[in-house]
Amino acid sequence: MPTRIYDGVSHKAANCKKRPQLTAAQKADARQRRQDRDDALNHDIRMAHDSHMTNIVRIAKDHYWSEDFVGMKLGQAGAKAKKQRAPNAKNGWVQEKLKELNDTLPDGEVRWTMDVLFEIFGDEYTMLTDEQKEQYRENITEHRETLHPSLVVRH
């Protein structure tokens with residue numbers, strides 16, 4: 001309970017009440033409700049963003065302007081439209097190897113970095129066949145589409 005000090009003497013605050021502790025089930029229920037609300041909000045934001053980006057593309061085609069120019073005119077100025085390079089095999093390979101390394105660590109441990117990755121796996125990437133590289137490229141493309149379907153670069 002908080003105390004207040006007056007003239008060197010501590011006094012307990014009279015109107016401070018301690019809240020009852022929640023049970024584990026109540027905490028889990030509250031956590032799940034927060035997660036559900038957050039998921040619903042993120043879904044609605046993604047849908048609004050997808051609709052907005054579709055409108056930008058349509059307007060740009062109708063009026064023969066670039067999508068960047070139309071977005072800028074709408075006040076977007078690239079704040080929502082994320083530029084990405086096309087997915088490549090090295091992105092997919094690095095993602096998979098870092099996931100393998102980081103999954104072995106207990107929670108709270110320092111995560112592996114790119115430097116450590118290349119020390120451990122060395123020249124393994126250079127020994128990949130074209131089919132393996134294509135598989136990594138497909139995996140990273142699918143991963144990006146599941147995270148941000150509206151922001152995927154299609155070439």
Side-chain angles (χ1 to χ4, degrees), residues 2 17-155:
K17 292 183 180 179
K18 190 173 184 179
R19 297 173 75 187
Q21 296 296 313
L22 298 176
T23 65
Q26 290 171 321
K27 288 179 184 179
D29 184 48
R31 190 177 310 115
Q32 185 60 46
R33 282 195 317 259
R34 277 192 305 273
Q35 183 65 44
D36 291 344
R37 280 195 335 249
D38 189 50
D39 290 345
L41 174 64
N42 288 335
H43 177 265
D44 288 346
I45 289 171
R46 272 194 312 273
M47 297 305 293
H49 181 258
D50 291 347
S51 172
H52 186 67
M53 292 305 294
T54 302
N55 288 335
I56 288 176
V57 170
R58 183 186 51 76
I59 292 169
K61 285 182 181 178
D62 289 349
H63 297 279
Y64 304 102
W65 288 99
S66 71
E67 293 171 19
D68 290 338
F69 180 78
V70 172
M72 182 185 66
K73 290 293 247 184
L74 286 171
Q76 187 124 348
K80 299 280 184 191
K82 182 179 178 183
K83 297 273 184 182
Q84 290 182 344
R85 293 183 179 163
N88 60 51
K90 194 165 194 175
N91 295 138
W93 180 80
V94 166
Q95 180 189 27
E96 183 176 296
K97 294 302 176 183
L98 284 175
K99 185 170 173 49
E100 287 175 16
L101 289 174
N102 289 329
D103 283 347
T104 62
L105 296 174
D107 288 339
E109 288 290 319
V110 176
R111 298 294 183 193
W112 297 97
T113 62
M114 291 283 289
D115 297 333
V116 175
L117 174 81
F118 285 108
E119 285 177 16
I120 293 173
F121 291 105
D123 296 327
E124 184 178 316
Y125 177 76
T126 58
M127 293 185 276
L128 293 175
T129 65
D130 288 339
E131 292 82 23
Q132 290 171 318
K133 287 182 181 180
E134 183 59 34
Q135 183 61 41
Y136 282 120
R137 196 174 298 114
E138 289 172 8
N139 291 347
I140 193 70
T141 302
E142 290 172 8
H143 176 71
R144 285 185 183 182
E145 286 177 354
T146 59
L147 290 179
H148 306 286
S150 63
L151 302 180
V152 175
V153 175
R154 289 177 174 82
H155 295 279

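Stacking of Lys90 on the aromatic ring of Tyr125 is recorded, both the 6.0 Å distance cut-off and the 45° axial limit being met.
Atom CG of Asn88 sits about 10.0 Å away from atom NZ of Lys133, to the nearest 0.5 Å. How far CG of Asn55 is from CG of Leu74: 8.5 Å, rounded to the nearest 0.5 Å. Between the CH2 atom of Trp93 and the CG atom of Leu98 there is a distance of 8.5 Å, given to the nearest 0.5 Å. Rounding to the nearest 0.5 Å places OH of Tyr136 at 5.5 Å from CG of Leu128. Glu96 CD to Gln135 CD: the interatomic distance, rounded to the nearest 0.5 Å, is 9.0 Å. With rounding to the nearest 0.5 Å, the separation of NE2 in His49 from OG1 in Thr54 is 9.5 Å.
Between Lys97 and Glu124 there is a salt bridge, with a side-chain nitrogen of the basic residue lying less than 4.0 Å from a carboxylate oxygen of the acidic one. Taking a cutoff of 4.0 Å between a charged side-chain nitrogen and a carboxylate oxygen, Asp29 and Arg33 qualify as a salt bridge. Glu134 and Arg137 are joined by a salt bridge, as a carboxylate oxygen and a charged side-chain nitrogen come within less than 4.0 angstrom of each other. In summary, Arg58 and Asp62 engage in a salt bridge, as defined by a charged side-chain N under 4.0 Å from a carboxylate O.
Contact check for Leu41 versus Arg37: no side-chain heavy atoms found under the 4.5 Å cut-off. No side-chain heavy atom of Thr141 sits under 4.5 Å from any side-chain heavy atom of Glu138. Within the 4.5 Å cutoff, the side chain of Lys99 has heavy atoms near those of the Asp103 side chain. Met72 has its side chain out of reach of Asp68: every pair of non-hydrogen atoms, C-beta onward, lies at least 4.5 Å apart. Using a 4.5 Å heavy-atom threshold, the side chains of Val94 and Phe118 count as touching.
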Set out, in order, the CA-CA distance, both residues' side-chain angles and the distance that settles side chain to side chain contact (heavy atoms under 4.5 Å, CB included) for Asp39 and Gln35, then state yes or no. CA-CA 6 Å; Asp39 290 345; Gln35 183 65 44; 2.8 Å; yes
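The closest donor-acceptor contact from the side chain of Glu142 to the backbone of Asn139 lies at 3.5 Å or more, if one exists at all. Between the side chain of Gln26 and the main chain of Thr23, a donor-acceptor pair closer than 3.5 Å is present.
Across every non-hydrogen atom of Leu101 and Leu117, the tightest pair is CD1-CD1, 4.0 Å. Of all heavy-atom pairs between Lys27 and Leu22, the closest is CE-O, 3.5 Å. Contact record, Ile140 with Pro87: CG2-CB, 3.4 Å, taken as the closest heavy-atom pair.
Asn91 and Gln95 form no side-chain donor-acceptor contact under 3.5 Å, judged by distance and modelled atom types alone.
The environment of CG in Asp123 is sparse: at most 12 heavy-atom neighbours from other residues, nucleotides or ligands sit within 6.0 Å.
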